Amino acid sequence: MTSIKILLLDCETLVREGVRMVLERESDLQIVHEASTLDEATRPEIDPDVIVVEPLLARDRSRGAELVTDLLRHYPNSQVLVLSQMEAVEDVQLFLSRDVRGYVLKKGPAAELVEAVRRVAAGEEYLQPSLGAALLKASNHGNAGGRMPGLTAREKEVLRVLAIGHTNAEAAAILSYAVRTVEGYRSRIMHKLDVESRAELVRAASELDLLHFDRPHPAGS
């Protein structure tokens, strides 16, 4: 099995040590370099698949976004996964707009980080499900009327559940649909909204003001 090579960038030594312990318990994950500054992080001899970064390294959001841009400039073939304590919707939206492929909170479970690294390394996008609650207030009240793609009531229902981070299987359990039914809805929704990724799906749901509800739980949980 080919290992997923990871660059870890966080200014806190204890955080890096904790993340290393979590990730290197998995046989398919390998931290090839860790750093506390951008200068330390940029090394010509490494070629990470995933960069796990805490943008607070830069002390403010705008510079944090520039940090992501600088990392991708140096490692154009890498995927960036934010691991941060920042959960305000403006922070999440800012970094998703800077080609970040995933966003996970430090206070989340270790399994969430492992799943995010694998999904991002596979070319997917990953947004921690609990961040759906933070996106609750993301809708600009004047935006919903400007983008009405003709979703049916059931498509809106499926979109709500997918947008807060549930998988197709979890959405099927929540809504009492077959997984193939959810997959079909998801395909039609993404076509109608003209989106190609989970991050774009979340933003579209927010613009449509569809995130104003309590997060449901899969049946039996």
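Just so it is clear, the model here is predicted, and its values are computed rather than measured.
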Is a side-chain donor or acceptor of [X] paired with a backbone partner of [Y] at a separation under 3.5 angstrom?
X   : Y   : result
D49 : I4  : no
K5  : D47 : yes
R16 : E34 : no
S84 : M86 : yes
E40 : S36 : yes
E24 : M21 : no
T42 : L38 : yes

Would you call [X] and [Y] a side-chain contact if the rule is heavy atoms closer than 4.5 Å?
X    : Y    : value
L83  : L105 : no
T69  : D99  : no
L201 : L193 : yes
E157 : Y185 : no
V82  : V104 : no
E155 : V158 : no
E54  : V15  : no
V52  : V117 : yes

With a 4.5 Å cut-off on side-chain heavy-atom distances among I, L, V, M, F, W and Y, is there a chain of contacts connecting [X] to [Y]?
X    : Y    : result
V114 : I51  : no
L71  : V100 : yes
I189 : V179 : no
V120 : V53  : no
L113 : L9   : no

Rounded to the nearest 0.5 Å, how far does [atom2] of [Y] lie from [atom1] of [X]?
X    : Y    : atom1 : atom2 : result
R186 : H191 : CZ    : NE2   : 16.0 Å
T181 : L175 : OG1   : CG    : 10.5 Å
Q79  : L72  : CD    : CG    : 8.0 Å
I174 : T167 : CD1   : OG1   : 8.0 Å

Self-check item: Stepwise salt bridge (Lys or Arg N to Asp or Glu O under 4.0 Å) check, D10 with K106
Solution: CA-CA 12 Å; D10 194 300; K106 285 182 174 178; 2.9 Å; yes

Exercise. Flag the pair R101 and E124 as a salt bridge only when some basic side-chain nitrogen lies within less than 4.0 angstrom of an acidic carboxylate oxygen.
Key: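 Answer for the salt bridge query: no.
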
Practice problem: Would you name the heavy atoms of A110 and V22 that are closest together and state the gap between them? | Solution: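 Smallest heavy-atom distance, with atoms named: CB-CG1, 3.7 Å.
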
Quiz item: Counting heavy atoms not belonging to R188, are there more than 12 under 6.0 Å from its CZ?
Solution: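 Yes, enclosed.
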
Exercise. Given side-chain contact (heavy atoms from CB on, under 4.5 Å), test L57 with C11 step by step and report yes or no.
Key: CA-CA 6 Å; L57 174 78; C11 62; 3.5 Å; yes

Quiz item: side-chain contact (heavy atoms from CB on, under 4.5 Å) between E200 and M190: does it pass, once the steps are laid out?
Solution: CA-CA 9 Å; E200 292 176 327; M190 296 185 79; over 6 Å; no

Quiz item: Just by distance, with hydrogens left out, do Y103 and E87 show a side-chain donor and acceptor under 3.5 Å apart?
Solution: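 E87 and Y103 do not have a side-chain donor-acceptor pair below 3.5 Å.
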
